[in-house]
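Inspection log for the structure reproduced underneath, given as structure tokens.
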Amino acid sequence: MGIPQNKQELLEAIQTTHARLWADLCTIPDARAHEATMEGHAKDTLMSPADLVAYLVGWSLLVLKWCDRKAQGESVDFPETGYQWNELGLLAQKFYADHAHQDYPALLQQLAQVHARILALVEACSEAQLYSAPWYGKYTLGRMIQFNTASPNANARTRIRKWKKLHQLA
């Protein structure tokens with residue numbers, strides 16, 4: 001799948017990567033979802049499938065926060081208040097901690113809800129809003145959404161499939 005160049009391609013990328021990932025996530029037994037045996041997002045760390053879902057939820061919520069703040073004319077701390085782009089491993093750890101109290105089915109439900117909110121956000125934007133002008137630095141809004149939804153979904157699916165194979169769940 002190439003880099004989306006328009007609204008329709010962006011919607012397709014988000015929907016396709018989510019659907020493929022979702023199919024894999026739903027086959028993970030609840031009892032194994034919190035096993036921290038997968039390579040984490042920060043060097044020399046481990047995470048669980050539940051942590052990976054928390055990571056995806058965290059990034060999607062950030063996208064929604066960025067868009068909401070910009071729409072209200074407020075400034076946005078990219079990527080997040082208190083974090084720089086070179087501290088994404090620390091931000092990932094924050095996402096894991098933010099959702100550590102949730103059981104796996106609740107995390108999956110939250111992922112489904114935030115996915116629907118991202119789709120609604122994209123649907124509400126015009127082609128011009130998504131792709132005609134830089135939104136953050138040199139990147140359009142559409143590209144920023146893709147960077148933080150479809151791309152991590154594809155990466156997460158690769159990680160989950162590798163984890164499932166290693167643990168003979170495939």
Side-chain angles (χ1 to χ4, degrees), residues 10 13-14 17-22 24-26 28-122 134-164 166-167:
L10 178 60
I14 294 168
T17 58
H18 176 80
R20 289 176 180 163
L21 173 62
W22 187 260
D24 285 313
L25 292 174
C26 289
I28 295 172
D30 295 351
R32 309 252 350 236
H34 287 277
E35 291 178 10
T37 54
M38 183 185 318
E39 183 180 332
H41 290 97
K43 186 177 180 188
D44 299 324
T45 65
L46 294 174
M47 69 176 168
S48 67
D51 291 332
L52 184 57
V53 174
Y55 175 84
L56 297 170
V57 168
W59 275 108
S60 292
L61 289 172
L62 271 184
V63 169
L64 294 165
K65 177 182 171 181
W66 297 340
C67 293
D68 184 54
R69 289 186 67 95
K70 277 206 172 209
Q72 295 181 28
E74 298 174 7
S75 65
V76 179
D77 292 330
F78 288 100
E80 172 64 306
T81 303
Y83 295 88
Q84 301 298 315
W85 286 111
N86 63 352
E87 298 175 313
L88 297 182
L90 293 174
L91 184 55
Q93 295 288 321
K94 176 193 178 306
F95 294 149
Y96 307 161
D98 287 349
H99 301 278
H101 65 283
Q102 291 181 282
D103 65 21
Y104 190 62
L107 274 169
L108 290 178
Q109 182 179 17
Q110 191 168 8
L111 181 62
Q113 290 168 346
V114 75
H115 170 71
R117 290 176 61 196
I118 291 289
L119 289 175
L121 169 70
V122 174
W135 189 80
Y136 173 72
K138 66 180 181 178
Y139 300 110
T140 64
L141 173 57
R143 189 75 164 120
M144 287 297 288
I145 292 171
Q146 182 264 328
F147 275 147
N148 296 291
T149 59
S151 288
N153 284 346
N155 178 278
R157 183 171 186 242
T158 299
R159 287 173 179 259
I160 286 293
R161 291 173 71 83
K162 181 178 175 183
W163 181 86
K164 285 174 57 177
L166 182 67
H167 293 278

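For Asp98, the side-chain contact (heavy atoms from CB on, under 4.5 Å) criterion is met by Lys94, Phe95, not counting sequence neighbours. Not a single side chain to side chain donor-acceptor pair (under 3.5 Å) links Thr140 to another residue, sequence neighbours left out. In this structure, the side-chain contact (heavy atoms from CB on, under 4.5 Å) partners of Thr45, at least two apart in sequence or on a different chain, are Ala42, Gln93. Partners of Asp103 by side-chain contact (heavy atoms from CB on, under 4.5 Å), not counting sequence neighbours, listed by chain and number: Pro105, Ala106. Residues satisfying the side chain to side chain donor-acceptor pair (under 3.5 Å) criterion with Trp135, sequence neighbours excluded, are absent altogether. The side chain to side chain donor-acceptor pair (under 3.5 Å) check on Tyr136 picks up Trp85, with sequence neighbours excluded. Residues passing the side chain to side chain donor-acceptor pair (under 3.5 Å) test with Ser75: none are found, sequence neighbours excluded.
For the side chain to side chain donor-acceptor pair (under 3.5 Å) criterion with Gln102, the lone passing option out of Gln110, His34, Gln109 is Gln110.
Between Trp22 and Leu108 the shortest side-chain heavy-atom distance falls below 4.5 Å.
One distance of note links CG of Asp68 with CD of Gln72; it measures 4.5 Å at 0.5 Å rounding.
Listed by first and then second residue, the salt bridge (Lys or Arg N to Asp or Glu O under 4.0 Å) pairs that reach into residues 53-65 are Lys65-Glu80, sequence neighbours excluded. For residues 33-55, every residue pair satisfying the salt bridge (Lys or Arg N to Asp or Glu O under 4.0 Å) rule, not counting sequence neighbours, is listed here: Arg32-Glu35. Residue pairs meeting the salt bridge (Lys or Arg N to Asp or Glu O under 4.0 Å) criterion with at least one member in residues 135-159, sequence neighbours excluded, are Asp24-Arg157.
In this structure, Trp66 contributes its side chain and Ile145 its backbone to no donor-acceptor pair below 3.5 Å.
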Result block: side-chain N/O donor-acceptor pairs under 3.5 angstrom for residues 113-121, not counting sequence neighbours:
none

Without placing hydrogens or testing angles, list every side-chain donor-acceptor pair under 3.5 Å for residues 52-63, not counting sequence neighbours.
| from | atom 1 | to | atom 2 | distance (Å) |
| --- | --- | --- | --- | --- |
| Tyr55 | OH | Trp59 | NE1 | 3.4 |
| Ser60 | OG | Leu56 | O | 3.2 |

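Residue Leu141 comes nearest to Cys67 through the heavy atom pair CD1-SG, 3.7 Å, listed as atom of the first residue, atom of the second, then distance.
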